[in-house]
Amino acid sequence: MEKYSCEKHIDQALDMFVAEQKEFPIMDKVNEDKKLSTKCSYCEEPAEYIVSSK
């Protein structure tokens, strides 16, 4: 499972991941080459982070 998040929604993405997966996620920065095409899962802003499982 992966969630993409902008700076504003990172707390929400982390909370939702833990609630759904029952484990602590890994948070990585989105690669520069994917930033323009990857949108936040909660709004239309470009994603800054990927929240995913191990």
Side-chain angles (χ1 to χ4, degrees):
M1 173 183 201
E2 290 184 339
K3 290 197 178 280
Y4 294 93
S5 176
C6 64
E7 191 76 36
K8 180 179 176 182
H9 291 110
I10 190 61
D11 291 334
Q12 184 177 357
L14 291 168
D15 290 345
M16 290 298 294
F17 187 95
V18 171
E20 292 173 10
Q21 298 296 309
K22 309 292 190 233
E23 65 182 20
F24 196 76
I26 296 171
M27 184 176 80
D28 291 316
K29 291 283 255 177
V30 173
N31 292 334
E32 290 295 323
D33 59 331
K34 292 185 179 180
K35 267 191 184 179
L36 294 177
S37 63
T38 306
K39 301 290 183 196
C40 175
S41 298
Y42 304 97
C43 67
E44 291 299 311
E45 294 294 315
E48 294 285 328
Y49 301 101
I50 302 170
V51 178
S52 62
S53 57
K54 297 177 186 175

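Quick note: numbers below take in every heavy atom, side chains included, and nothing from hydrogens, waters or symmetry partners. Quick caveat, the model's predicted, so the values are computed rather than measured.
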Tell me every residue that passes side chain to side chain donor-acceptor pair (under 3.5 Å) with E2, counting only those two or more places apart in sequence or in another chain. Y4
Linking directly or through intermediates, with side-chain heavy atoms under 4.5 Å: list the remaining ILVMFWY members grouped with F17, chain and number order. M1, I10, L14, M27, Y49, V51
Hydrophobic cluster of Y42, others only, ordered by chain and residue number, side-chain cut-off 4.5 Å: M16
In this structure, NZ of K3 is separated from CD of Q21 (nearest 0.5 Å) by 8.5 Å
Within the 4.5 Å heavy-atom criterion, are K29 and E48 side-chain neighbours or not? yes
Less than 4.5 Å apart, side chain to side chain, heavy atoms only: is that true for S53 and E23? yes
Looking at K8, I'd like to know if its NZ atom is crowded, meaning that more than 12 non-hydrogen atoms belonging to other residues, nucleotides or ligands lie closer than 6.0 Å. no
Heavy-atom distance under 4.5 Å between the side chains of H9 and C43, does that happen here? yes
Considering non-hydrogen atoms only, spot the tightest contact between S5 and A13 and give its length. CB-CB, 3.9 Å
